[in-house]
Each structure stands twice: as structure tokens, then as C-alpha cells.
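Worksheet: one structure, shown below.
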Amino acid sequence: MLTVKQTNELTSQELVQVLKERVAVFVVEQNCPYQEVDADDFDDLHVQLTDDAGQLQAYTRIMDRGDSVTFGRVLVVKAYRGTGLGQQIVQATLDAIAKQFPGKPIQIQAQAYLQKFYAGFGFKPVSAVYLEDDIPHLDMRLEATHD
């Protein structure tokens, strides 16, 4: 099931489940000690794919930056990797952005090894590769489409 909620709309169970998985992926798996929960978590949109029992399968968060929108913390829970949920959660995120922030371009910080993945959605690199927490990243941008 797909849900898109502001932080204050999440149940305590949903919030804890999201934060637990984010720490598992971005701190533990990637061996990257940093402040995973940050000020953006107070007022962003959380996009979740869950199974019928409400267990988190995939997740992103969306943040409005004024002249553009960004999303990040893209994850697929380990047990569900390789099932296509990465594509599904990114497409759901792009759909939510188009609905909530029509006409705004999207700029992301992508891990460099995912450049082709994001290019498949129309993102183009707008920076050289750089290190963020010792992980190669690059900035990518998707211009807003006007129907």
C-alpha cells in the first residue's frame, strides 16, 4: 500500500519503523556515522510502500526547498530488495511531487553508482562526483514538466 504523509500525520508506530529502517540502511549498512534524523524530519512528506500487515517495504522523504523540491533517504528494506520496489518508490515519489509541488524542478543528491538508475527517470547530472560522508555522490536534476 502506498501512503504519503506529513510528519505530524504519521502514527508513532510508522515514525519509529521509518527511522529504524533509515538508521539500519544509512548508518549501519553503509557504515556511516552521521546525524541521520535531522531538522527536515519535522516538516517533510514521507512516502511509504507497506505490505498488507503495515510493515514498511520501501521509503523516501520529500522536502520543499523553495525554488526546487528534493527527495532522499530512498530505501528498500533488505528483505524486499531485488523485487522492483526501488523503481516503484521513486515513481511514487515523483508522482507525489508532481501533485504537491506542480511546476517545480527536482534536484537530488544521488549516490554516484545510482546515476543510471535516476537517469532512467529523466534526471541529468548537474555536478561532478563529490564525497558526502565518504560516499561518492553527484547532484542530479529533473526539470519540471508543464502539461
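Glu9 places a side-chain N or O within donor-acceptor distance of the main-chain N or O of Gln6, the cut-off being under 3.5 Å.
Residues forming a side-chain contact (heavy atoms from CB on, under 4.5 Å) with Glu29 (at least two apart in sequence, or on another chain): Val25, Lys78, Arg81. With sequence neighbours left out, Asp40 forms a side chain to side chain donor-acceptor pair (under 3.5 Å) with Arg65. Asp51 pairs by the salt bridge (charged side-chain N to carboxylate O under 4.0 Å, His left out) definition with nothing, not counting sequence neighbours. Gln111 meets the side chain to side chain donor-acceptor pair (under 3.5 Å) test with Gln30; sequence neighbours excluded. Glu132 pairs by the side chain to side chain donor-acceptor pair (under 3.5 Å) definition with nothing, not counting sequence neighbours. Remark: Lys5 engages Glu14 in a side chain to side chain donor-acceptor pair (under 3.5 Å) (not counting sequence neighbours).
Distance check: Glu143 CD to Ile106 CD1 gives 10.0 Å after rounding to the nearest 0.5 Å. Summarising the geometry, atom CG belonging to Asp43 is positioned 6.5 Å from atom OG1 belonging to Thr7; distances are rounded to the nearest 0.5 Å. In this structure, Gln100 CD and Asp64 CG are separated by 10.0 Å, a value rounded to the nearest 0.5 Å. In this structure, the separation between CG on Asp134 and OH on Tyr34 is 13.0 Å, given to the nearest 0.5 Å.
In terms of hydrophobic clustering, with Ile, Leu, Val, Met, Phe, Trp and Tyr side chains grouped at heavy-atom distances under 4.5 Å, Phe101 and Leu2 are assigned to a common cluster. Under the 4.5 Å side-chain heavy-atom criterion for ILVMFWY residues, no single connected hydrophobic cluster contains both Met63 and Leu142.
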What's the verdict on side-chain contact (heavy atoms from CB on, under 4.5 Å) for Leu45 and Phe71, showing C-alpha distance, side-chain angles and the deciding distance? CA-CA 9 Å; Leu45 286 172; Phe71 66 91; over 6 Å; no
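Listed by chain and number, the hydrophobic cluster partners of Leu19 are Leu10, Leu15, Val37, where partners are ILVMFWY side chains within reach of under 4.5 Å, directly or through others.
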Sequence neighbours excluded and cut-off under 3.5 Å, please list the side-chain donor-acceptor pairs for residues 112-131, or say none.
from   : atom 1 : to     : atom 2 : distance (Å)
Ser127 : OG     : Asp139 : N      : 2.8
Tyr130 : OH     : Gln109 : NE2    : 3.0
Tyr130 : OH     : Asp139 : OD1    : 2.5

Which atom pairs, one a donor and one an acceptor, fall under 3.5 Å between side chains of residues 53-62 and the rest of the protein, sequence neighbours left out?
from  : atom 1 : to    : atom 2 : distance (Å)
Gln55 : OE1    : Gln17 : NE2    : 3.0
Tyr59 : OH     : Arg22 : NH1    : 3.2
Tyr59 : OH     : His46 : ND1    : 2.6
Thr60 : OG1    : Thr93 : OG1    : 2.6
Arg61 : NH1    : Asp38 : OD1    : 2.9
Arg61 : NH1    : Asp41 : OD1    : 2.9
Arg61 : NH1    : Asp41 : OD2    : 3.3
Arg61 : NH2    : Asp38 : OD1    : 3.3
Arg61 : NH2    : Asp38 : OD2    : 2.9

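The two residues Val76 and Leu85 make their nearest non-hydrogen contact at CG2-C, 4.0 Å. The heavy-atom pair separating Arg141 from Pro105 by the smallest distance is NH2-CG, 3.1 Å.
Using a 4.5 Å heavy-atom threshold, the side chains of Lys104 and Ile97 count as separate.
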